[in-house]
Structure formats: C-alpha cells, structure tokens
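Throughout, protein chains are lettered first and strands after them, A, B, ... in sequence-line order, and every chain is numbered starting at 1. Not measured: the values here are computed from a predicted model.
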Amino acid sequence: MSGKPAAALVIQGPQRFAERLIAWQREHGRHGLPWQASRDPYRVWLSEIMLQQTQVSVVAAYYARFLQRFPSVRELAAASLDEVLALWSGLGYYRRARHLHQCAQQVCTLNGGEFPRSAEALRQLAGIGRSTAAAIAAFCHGERAAILDGNVKRVLSRAYAMPQQTSEAAAQRALWHLAEALVPDRDVAAYTQGLMDLGATVCKPRNPACGQCPFGDDCRTRGAEDPEGSGPNAMAARPWVAARRKPAAPRRTQRWILLWAEDVRAAAPSIWLERRGAAGIWPGLWCLPQFDTHEQALHHAGLLGVVQSHDALAPSTHALTHLDLQLSPLRVRIEPRPAVHEDSGAWFPLRAALELGLPAPVRSLLQGHGPDDDAVIVSGTVGH
DNA sequence: TACGCGTGGGC
DNA sequence: TGCCCAAGCGT
C-alpha cells in the first residue's frame, strides 16, 4: 500500500474523519443542486432514484419535468405506468421507473401518502436499496445511516488504503463496515452530502484534485505511485477492482432487424409499435418489432397488412453496458388489414409515438436523426 | 452470488 | 476513438 504507518493517520477515528468532511462540505460542497432545495421526502426520494448510476447533469432536466407533472407522490401514484415510462424515456435502467411507480403506490396505499422515516422501513419499498434508503433517511431526518455509492467507495478506499480482498463480496462487506463506522452522531446530512461531493468534485476517478482535499496528506493513497489505480496499487484507488477481476468478457454484438412499418393510407405517417415485455432490455417500453432476419420481419409485416414496398436502412450501433446492438431498420409501407388486433401492438401517428416511452435509439430513429439517417441499403417493391 | 439492466459525459 | 464510469437494485 502507501507505506505510511497507521500511526501517522490523523483521520483517526470516526469523529475526526466526519468533522473534517462536514467542515469541508459546508465551505466547498455543492449546495445548489435542484433537489437540495427541500427536504421533502418525495423530492429527495425522486432524485435519489433518478441518480442511481446516472450523472447529475443528465438527471436535472428529468427531475424538473417529473416534479412539474407529479408535484406529489399522490399524482405519481395515480398516473399510468405508461405515462411514467414516457417521462422516463431516455434516462435508462427502465426498471427504476416501474419501481418508482410501484413505490409511489405503496406509499399511498400502505402509508397514507407519507414516506416512512427510518432507513429500515424505506428499504422495504420497491426500488429502494440499502444505500438509497440511508440517503433519504439521512437527508430528510438526519438518521445515522450509511450510504455506499461509487463516490463513497472511492473516497474511503483511497483515504484508508483498504487492503486487497479476496472477493468482490468481501470488498463490499469491508467498505460497508467502514462506511457504517464513520457516520457521525450529528450533522449526518452534511456528512453524507460531503462524501458525495468530495468524490464527485475532488476525489475523482481520474485526476483527483488532492490539493483541495480536506484530508490532505493523511490520505493513505495520496502520493502513492499510482493514485489513479491502473498499476499495482490499483485496489486502493479503484475499489471496483478490489477483488481479482475476472477476465474481461469479450464484448458481444447482437444484430436486430427493426420493423419500421408505416401505414400508407394515413395522411400523416402512422407507425406500428409493440410494447416490450417486463423482462430483459427496455421492459415495458414501446418499440419497433424486433427480429433476427429480414424474412421474419417481412413475414410479420405481412400479418399487419399488404406490403407495398420495403427499404433496408443503414444499420446503426447502440452501445449498452455489456453489449453492442447493431440495429438495422427495415422500413415497410403497408396497407393495414382492417382488423389487425394484437394484444401488444398498435398503430400510432408519428407525433403520438414520440410521446410514448421509447428506447433512446428508437426515438432517435423515428425523429430522423439517427447516425446514418435514411441511407437506403436495399429496396424492394411488392405487388406489381 | 454474480449478473443484467441504459444512456451519455468525459478524457 | 474506445473506454471508464455514474447518488445501485433486484434477482
């Protein structure tokens, strides 16, 4: 590790660490974020769910739109899941939106529209895990509860040069143990905010601004050969590699044919969309029907109506966390059968379709500014 | 328990 | 550019 003797540490005990962090937060922390204006549990909860694995700069606009449409948990609970998904569209990790809606209904049904106060009780609600429950309880009620997000993992593992763990689970346990031990008896809200602020603005993954850190030379990683953590000391700086990393799985690509069926009769273009299932990617969102081959897509188009022409548009790549999707739209002009009834699909005027909960690449495609726009690869005409 | 789950910022 | 990673959770 850093080689500094433990006796040299001035971050000596829980109180000392917290005191310095709290003082730093009051002076240098973030105070103007939209969700910091109130301690209303509804607003704090909404922001915490949105901020899970999502950057502050992205969340801000979504947060404002949600608050405008759903001023309180009652309006959110009363809304349809469809509307919630539509507002969430583009934010990703759509299961969060489902849980958000479910949680709002739990709060209204079981608790009269009031969020429970304790972290333990909050954790029973949909989509609220250990860290989020602690954040809400700490911010709203000053409960002595520990969070452990990416910021906190990085700050603690650097400041204390946490030792290598044999497994990811062991590393996680050690971090939680330390996080719990460090929470102060008072000023928990400022302390919790301070951990996040320090990790986000000073103790950054790369190029940490150690000169601005309240722990100064008492950080056991500062001055280490490799504070950013790509070398032998990587563990301390990058807790997510605390356990021996499995050999990186080869990044895979899936090719999807997306059937872009248009109703030729409509004055304004109308398209066929289907609601995706509750499992897998984009759960509950509306999407162009997905196939493995053009033949399958054309067969499906034939079920919707009489195919008049089809164009294979240029594929585009959409990167997911562990997967690249190569999306190849097949644009088909159809005279719909009068009585097509599929449980999961419907024709939508384009303008209405854009109001639905759509995956980001599908929205981009329908809005006409996909990466390769409307470049036609293969055209076909049917019926003459 | 390890893995699936989105999208965009930033370097 | 191609990565890393972000106020994690549920299963």
Side-chain angles (χ1 to χ4, degrees), chain A residues 29-30 33-36 44-63 85 88-100 102-103 122-136 138-139 145-155 167-173 175-176 179 189 192-201 204-207 228-230 234 237-241 243 245-246 248-249 251-252 254 276-285 287 317-325 357-364:
Chain A
R30 296 173 294 184
L33 299 175
W35 39 89
Q36 292 179 315
V44 172
W45 163 73
L46 179 62
S47 72
E48 289 299 330
I49 300 299
M50 287 184 165
L51 286 162
Q52 287 169 1
Q53 298 292 283
T54 308
Q55 295 181 351
V56 165
S57 60
V58 176
V59 164
Y62 285 85
Y63 177 77
L85 284 171
W88 197 275
S89 179
L91 197 53
Y93 283 145
Y94 296 95
R95 207 154 281 110
R96 289 184 297 172
R98 181 178 297 265
H99 286 141
L100 187 85
Q102 185 182 347
C103 180
L122 284 163
R123 238 197 121 174
Q124 308 306 313
L125 299 171
I128 301 181
R130 183 172 177 179
S131 188
T132 299
I136 299 170
F139 286 139
I147 63 165
L148 187 65
D149 62 9
N151 290 311
V152 182
K153 289 179 187 176
R154 189 169 53 254
V155 168
S167 73
E168 183 59 40
Q172 195 79 1
R173 277 196 298 275
L175 283 163
W176 269 115
T192 301
Q193 188 64 51
L195 277 176
M196 295 176 174
D197 292 349
L198 190 67
T201 67
K204 298 173 291 185
R206 281 164 296 205
N207 302 318
E228 296 187 15
S230 57
R238 303 175 62 194
W240 46 95
V241 294
R245 222 185 339 210
K246 295 187 298 289
R251 190 171 180 78
R252 291 181 314 188
Q254 284 187 18
R276 297 182 62 86
I281 194 176
W282 301 329
L285 271 65
C287 191
T317 297
H318 183 73
L320 305 177
T321 304
H322 298 296
L323 182 70
D324 285 323
L325 293 182
L358 301 173
V362 174
R363 179 175 302 280
S364 177

Rounding to the closest angstrom, what is the interatomic distance between C:dA7 and B:dC3 at atom P?
23 Å

Select base, sugar-phosphate, or nothing to describe what A:Ala126 touches, counting heavy atoms under 4.0 Å on all strands.
sugar-phosphate

Contact class for A:Arg251 (heavy atom, under 4.0 Å): base, sugar-phosphate, or nothing?
nothing

Please pick, from B:dG6, C:dA6, C:dA7, the nucleotide with the shortest atom-to-atom distance to any side-chain atom of A:Tyr93.
B:dG6

Mind checking if A:Ile128 touches a base, just sugar-phosphate, or nothing, with heavy atoms under 4.0 Å?
sugar-phosphate

To the side chain of A:Pro283, which of C:dG8, C:dG10, B:dG6 is closest?
B:dG6

Given 3.5 Å as the limit, does a donor-acceptor pair link the side chain of A:Arg276 with the main chain of A:Ile281, or not?
yes

Students often get this wrong, so: under 4.0 angstrom with heavy atoms, is A:Gly199 touching a base, only sugar-phosphate, or nothing?
nothing

Taking atom P in both B:dG8 and C:dC9, what distance in whole Å separates the two?
23 Å

Going by heavy atoms in the side chains, are A:Asn151 and A:Leu198 under 4.5 Å from each other?
no

Is there side-chain contact between A:Trp45 and A:Leu125, with at least one heavy-atom pair below 4.5 Å?
no

Can you say whether a donor on the side chain of A:Ser57 sits under 3.5 Å from an acceptor on the base of B:dG9, or the other way round?
no

Per nearest nucleotide of DNA chain C, the residue lying toward the 5' end, A:Arg30 or A:Leu125, is A:Arg30

Return the value, rounded to whole Å, for the distance between atom CG of A:Leu33 and atom P of C:dA7.
11 Å

Tell me: CD of A:Gln172 to C1' of B:dA2, nearest whole Å?
12 Å

Picking from B:dG8, B:dG6, C:dG10, the nucleotide nearest the side-chain atoms of A:Leu320 would be B:dG6

Heavy atoms, side chains only, cut-off 4.5 Å: are A:Gln36 and A:Gln193 in contact?
yes

From the set C:dA7, C:dC9, B:dC5, return the single nucleotide nearest to any side-chain atom of A:Gln52.
C:dC9

Out of B:dG8, C:dG8, B:dG6, whichever nucleotide has its closest atom nearest the side chain of A:Gln55:
B:dG8

Does the side chain of A:Ser89 pick up a donor-acceptor pair with the side chain of A:Arg363 at under 3.5 Å?
yes

Just call it for A:Trp88: base, sugar-phosphate, or nothing, with non-hydrogen atoms closer than 4.0 Å on any strand.
nothing

Heavy atoms under 4.0 Å, any strand shown: does A:Ala360 hit a base, just sugar-phosphate, or nothing?
sugar-phosphate

Gap between atoms CD and C1', on A:Gln53 and C:dA6 respectively (whole Å):
6 Å

Report the distance from atom CZ of A:Arg173 to atom CD of A:Glu168, rounding to the nearest 0.5 Å.
10.5 Å

Got a donor-acceptor pair under 3.5 Å from the side chain of A:Arg154 to the base of C:dA6?
no

A:Arg173 or A:Trp282: which one's nearest nucleotide on DNA chain B is closer to the 5' end?
A:Arg173

Check if the side chain of A:Thr54 and the base of B:dG6 share a donor-acceptor pair of N or O atoms closer than 3.5 Å.
yes

Answer with base, sugar-phosphate or nothing: what part of the nucleic acid does A:Thr321 contact at a heavy-atom distance below 4.0 Å?
base

